[in-house]
Amino acid sequence: MNNFAYVRANSVEDAVSRASQDSNVMYIAGGTNLVDRMKGFLDEPSQLVDVSRLAMKKIERTQEGGLKIGALVTNTDLAGCAEVRSNYPMLSRSILAGASQQIRNMATVGGNLMQRTRCPYYYDTAFACNKRQPNTGCPAATGINRTHAILGASESCVAVNPSDMCVALAALDAEVKVRGVAGERQIPFVDFHRLPGNTPNRDTNLEPGELITAVILPPVSFAKSGVYLKLRDRASYAFALISVAAALELSGEQIKNARVALGGVAHKPWRATEAEEFLKGKRADKSTFSQAAEIALKDAKPLAHNQFKVKLSKRAISRALSVSARGGGVV
Ligand code: SF4
């Protein structure tokens with residue numbers, strides 16, 4: 001870990017002003033990913049601006065009937081919030097599927113959005129890595145790539161976003177509220193994270209110095225049927241090989257509306273919009289769900305060691321949709 005200055009911000013404006021003066025200043029809240037990265041010399045900030053005591057810890061009802069979730073709400077508090085458990089169960093379950101209780105107690109909503117890939121080559125400085133150091137190479141593309149991307153990857157990077165919570169937020173059409181020196185703006189969740197392209201060093205569309213202040217959840221009438229299915233190598237404390245956040249709105253046996261998002265498959269939470277469109281108006285049965293899964297994976301480009309993810313994703317989508325069609329619950 002390098003030597004760095006530490007300062008505690010006393011307001012959002014103070015934090016933004018400090019971070020905007022130097023591109024090597026970083027925000028810290030729970031620190032559950034950043035501190036590991038600093039210990040491994042992946043991030044070497046000149047200064048850490050501690051935002052953990054700022055007033056962004058509330059979950060509030062919005063006028064529209066959704067929720068405003070402060071960026072410093074812990075993963076534990078969000079997963080346990082009665083309104084989230086009742087109205088957005090896929091969000092609560094996605095959080096509980098991730099990390100450990102101790103980490104969820106420390107980790108914040110804003111930090112969850114900012115966590116970086118767990119690609120092993122990225123964390124091992126003995127290897128080159130375009131995400132760590134642009135234009136040095138991507139050893140994962142031809143190396144051990146069992147856990148890597150099957151959708152939206154580039155020659156520069158085949159890493160996946162590791163978050164569970166973000167998959168549910170993508171499916172729920174969340175928006176991210178951010179504050180920078182130029183003022184406040186709201187970013188649709190699907191536009192918050194980036195595909196790697198030739199700039200895999202950039203994970204998000206945040207401008208330098210911008211601070212996440214809240215996540216806005218719109219009201220989604222059928223979110224109560226939402227499910228989160230996570231498939232991984234061991235039953236707990238493991239990142240997703242594949243995950244699916246899905247919700248269906250039914251009129252009798254006909255699908256009126258659908259949401260499908262995938263985790264563990266791409267550099268960002270992957271919203272399967274074509275599959276969602278296909279589902280609308282169709283009968284909610286096994287055949288429809290299988291066809292939707294085929295559409296969701298039609299552009300998949302597996303690597304040498306992760307062809308299994310294509311089949312696994314299709315089966316996971318079908319399973320998640322089947323459970324949602326029955327009203328939701330544990331998958
Ligand atoms: Fe680095 Fe991305 Fe390649 Fe992993 S997949 S080694 S993060 S460039």
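Atoms within each ligand, like the ligands themselves, are counted from 1 in listed order.
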Lys230 charged N/C atom sitting above Tyr228 aromatic ring, 6.0 Å / 45°: no

Region of Ser156 that comes within reach of ligand 1 [heavy atoms, distance under 4.0 Å]: backbone

May I ask you to list the atoms of ligand 1 that are less than 4.0 angstrom from any heavy atom of Cys157? 2 (Fe), 5 (S), 8 (S)

Just to be sure I read this right, does ligand 1 sit under 4.0 Å from the backbone of Ala159, its side chain, both, or neither, counting only heavy atoms? both

Which atoms of ligand 1 have any heavy atom of Tyr122 under 4.0 Å away? 7 (S)

What atoms of ligand 1 come within less than 4.0 Å of a heavy atom belonging to Pro139? 6 (S)

Answer whether the closest heavy-atom distance between the side chains of Ser52 and Ile28 falls below 4.5 Å. no

Identity and separation of the nearest protein heavy atom to atom 4 (Fe) of ligand 1: Cys119 SG, 2.3 Å

Would you call Thr117 and Asp203 a side-chain contact if the rule is heavy atoms closer than 4.5 Å? no

Begin with the C-alpha distance, continue with both residues' side-chain angles, and end with the deciding distance and a verdict on salt bridge (Lys or Arg N to Asp or Glu O under 4.0 Å) for Asp233 and Arg146. CA-CA 11 Å; Asp233 281 326; Arg146 179 174 174 275; 2.8 Å; yes

Minimum side-chain heavy-atom gap Lys268-Phe189 below 4.5 Å: no

If only atom types and distance count, is the side chain of Lys177 paired as donor or acceptor with the main-chain N or O of Thr213 below 3.5 Å? no

Quick check: does Cys129 put an N/O/S atom under 2.8 Å from atom 1 (Fe) of ligand 1? yes

Just which atoms of ligand 1 are under 4.0 Å from any heavy atom in Tyr121? 6 (S)

Could you list the atoms of ligand 1 found under 4.0 angstrom from a heavy atom of Cys138? 3 (Fe), 5 (S), 8 (S)

When hydrophobic residues are tied together by side-chain contacts of less than 4.5 Å, even through go-betweens, does Val215 share a cluster with Leu78? yes

